[in-house]
Enquirer: 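Below: one structure in structure tokens.
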There are 2 protein chains.
Amino acid sequence: MKKKREGKTTSKIFDDHDHGMCFDDAIEQIENYFLKKNLQFTPLRRKVFEILIRDHKPLGAYEILEALGRDGFSSSPPIAYRVLDFLMEHGFVHKIQGLNAFIACPNPNHSHSPAFVICRKCEKVAEVDEKKSGISFANPSIDNFEVEKTTVEMTGVCTTCSRAATI
Amino acid sequence: MKKKREGKTTSKIFDDHDHGMCFDDAIEQIENYFLKKNLQFTPLRRKVFEILIRDHKPLGAYEILEALGRDGFSSSPPIAYRVLDFLMEHGFVHKIQGLNAFIACPNPNHSHSPAFVICRKCEKVAEVDEKKSGISFANPSIDNFEVEKTTVEMTGVCTTCSRAATI
DNA sequence: ACTGATAGTGTTATGTTATAACATGTTATG
DNA sequence: CATAACATGTTATAACATAACACTATCAGT
Ligand SMILES: [Zn+2]
Ligand SMILES: [Zn+2]
Ligand SMILES: [Zn+2]
Ligand SMILES: [Zn+2]
């Protein structure tokens with residue numbers, strides 16, 4: 001089960017892939033985590049996570065609220081923000097600062113401070129972990145400073161989109 | 001003159017330093033740039049830049065507006081956002097995404113995509129350039145993707161603040 | 001089962017950040 | 001001096017986020 005997840009790369013996200021497996025895998029992981037930690041995976045929390053994991057696109061809080069409303073849940077702002085805060089605390093959702101939007105983590109086993117790769121055309125977002133991205137935060141050059149939290153976001157165009165543009 | 005600037009480091013920002021020189025140096029650079037590029041360094045633009053370069057702390061757009069109001073300028077939101085957009089285009093101001101705030105670039109000669117080091121205690125922000133920070137964006141591991149723009153923000157506590165806390 | 005504590009959800013109101021659209025003034029150029 | 005461009009001013013509104021409080025569900029200990 002672990003091996004299956006380790007193979008997930010940037011290209012898998014931007015290319016066509018078996019997203020049903022992404023989805024099922026992510027749901028399974030979050031269920032197991034909640035069970036193990038004795039947390040409630042309530043219908044609302046499940047729904048918010050499902051909305052976010054539907055595609056690899058970040059959604060604004062108000063987009064999530066609309067989706068909740070369509071599915072019969074309350075859609076006043078605090079509903080979304082509370083659930084998002086909760087899911088972020090546990091590493092299942094990340095905020096993309098440059099977009100004021102939220103994305104489901106497809107693999108909470110990763111480093112908890114991933115870098116985000118954001119395609120401005122298809123709007124999909126992939127995570128890459130610290131080591132693979134070549135980013136090292138415990139860096140000697142940033143002396144006189146203790147880093148606690150990092151935000152790394154890279155915006156550009158994925159090859160799937162740039163190939164499509166040249167056809 | 002160039003050498004003077006190259007010595008600017010993270011520690012210079014967080015420690016006590018001759019900020020008058022920072023200030024004058026920055027103003028001189030922006031004046032020269034505007035002159036060279038035939039751009040208007042209007043009173044409003046100058047004021048906004050001065051407000052931001054007063055300290056190495058980022059300010060929200062509405063804080064800038066208040067300061068503008070106190071100095072007799074108009075203080076409706078578009079005033080600030082337009083000038084900020086303009087100054088950002090030319091690299092004299094950066095936006096700190098994690099704070100929804102704006103900071104004057106103390107050295108526009110740097111890489112145009114610096115990493116930001118943010119102290120959550122004194123709220124000062126330093127820039128470090130790509131190479132020194134150990135961050136390399138043209139990274140082979142982020143394949144299938146052409147990075148156009150990067151955001152790197154590191155939040156923590158500077159040693160000036162952590163020393164102060166243990167006294 | 002009762003009781004109180006904790007956690008989760010719902011609702012209203014408000015705060016904060018950012019932009020659209022249009023009017024007016026100012027500056028450079030032919 | 002006409003006119004195009006750039007710059008600033010103003011009103012309104014959009015987009016993003018939180019405070020405060022009410023109500024409900026779940027759970028632990030009696
Ligand atoms: Zn997928
Ligand atoms: Zn794409
Ligand atoms: Zn200084
Ligand atoms: Zn500090």
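Keep in mind the model is a prediction, meaning the values are calculated, not measured. What's counted below: heavy atoms across the whole structure, side chains too, no hydrogens, waters or symmetry copies. The chains referred to below are lettered A, B, ... by the order of the sequence lines, with proteins before strands, and numbering in each begins at 1.
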Enquirer: Can you check the A/Lys37 NZ to C/dA7 C1' distance for me, whole Å?
Expert: 17 Å
Enquirer: Name every donor-acceptor pair, under 3.5 Å, that has one atom in a side chain of residues 73-91 of chain B and the other anywhere in the protein, sequence neighbours excluded.
Expert:
unit_1, atom_1, unit_2, atom_2, d
B/His90, ND1, B/Tyr33, OH, 3.0

Enquirer: What is the separation between atom CD1 on B/Ile79 and atom C1' on C/dA20, rounded to the nearest whole Å?
Expert: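 From B/Ile79 CD1 to C/dA20 C1': 15 Å.
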Enquirer: Among all residues two or more places apart in sequence or in another chain, which pass the salt bridge (Lys or Arg N to Asp or Glu O under 4.0 Å) test with A/Asp71?
Expert: A/Lys47
Enquirer: Give a yes or no answer on whether the side chain of A/Glu153 reaches the backbone of A/Gln97 with a donor-acceptor pair at less than 3.5 Å.
Expert: yes
Enquirer: Identify each atom pair where a protein N or O and an N or O of nucleotides 16-21 of chain D are less than 3.5 Å apart, giving names and distance.
Expert:
unit_1, atom_1, unit_2, atom_2, d
D/dA17, OP1, A/Lys95, NZ, 2.4
D/dA17, OP2, A/Tyr81, OH, 3.1
D/dA17, O5', A/Tyr81, OH, 3.4
D/dA17, N7, A/Tyr62, OH, 2.6
D/dA17, N6, A/Tyr62, OH, 3.3

Enquirer: Where along residues 43-51 of chain A does a heavy atom come under 4.0 Å from DNA chain C, residue by residue in number order?
Expert: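 Nucleic-acid contacts, sorted: A/Leu44, A/Arg45.
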Enquirer: Apply side chain to side chain contact (heavy atoms under 4.5 Å, CB included) to A/Gln40 and list each qualifying residue two or more places apart in sequence or on a separate chain.
Expert: A/Thr42, A/Arg45
Enquirer: May I have the distance from A/Phe41 (atom CZ) to C/dG8 (atom C1'), rounded to whole angstrom?
Expert: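 One finds 15 Å between C1' of C/dG8 and CZ of A/Phe41, rounded.
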Enquirer: May I ask you to test the B/Phe14-B/His56 pair for a side-chain heavy-atom distance under 4.5 Å?
Expert: no
Enquirer: Once salt bridge (charged side-chain N to carboxylate O under 4.0 Å, His left out) is applied, what residue pairs with a partner in residues 31-41 of chain A remain, sequence neighbours excluded?
Expert: A/Glu31-A/Arg46
Enquirer: Let me check the geometry of the helix from C/dA1-D/dT30 to C/dG30-D/dC1. What is the bend angle between the axes at its two ends, five pairs each, to 10°?
Expert: 20°
Enquirer: Whole-Å distance between D/dA15 C1' and A/Ile64 CD1?
Expert: 14 Å
Enquirer: Provide, to the nearest angstrom, the distance between the CZ atom belonging to A/Phe73 and the P atom belonging to C/dG10.
Expert: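 Roughly 8 Å, once rounded to whole Å.
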Enquirer: Evaluate A/Arg163 against A/Thr160 for side chain to side chain contact (heavy atoms under 4.5 Å, CB included), listing each step before the verdict.
Expert: CA-CA 5 Å; A/Arg163 265 197 301 266; A/Thr160 301; 3.9 Å; yes
Enquirer: When Ile, Leu, Val, Met, Phe, Trp and Tyr are grouped by side-chain heavy atoms lying under 4.5 Å apart, directly or through other members, which residues fall in the same group as B/Phe116?
Expert: B/Ile96, B/Leu99, B/Ile103, B/Ile118, B/Val125
Enquirer: Using whole Å, what does the distance between atom P of nucleotide C/dA18 and atom CD1 of B/Ile96 come to?
Expert: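 From B/Ile96 CD1 to C/dA18 P: 12 Å.
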Enquirer: According to the salt bridge (charged side-chain N to carboxylate O under 4.0 Å, His left out) rule, which pairs have a member within residues 115-124 of chain A, sequence neighbours left out?
Expert: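 Checked against salt bridge (charged side-chain N to carboxylate O under 4.0 Å, His left out) - neighbours excluded - the pairs reaching residues 115-124 of chain A are A/Arg120-B/Glu148.
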Enquirer: Would you give a per-nucleotide map of nucleotides 24-30 of chain C, 5' to 3', where B means the base has a protein non-hydrogen atom under 4.0 Å away, S means only the sugar-phosphate does, and - means neither?
Expert: ---S---
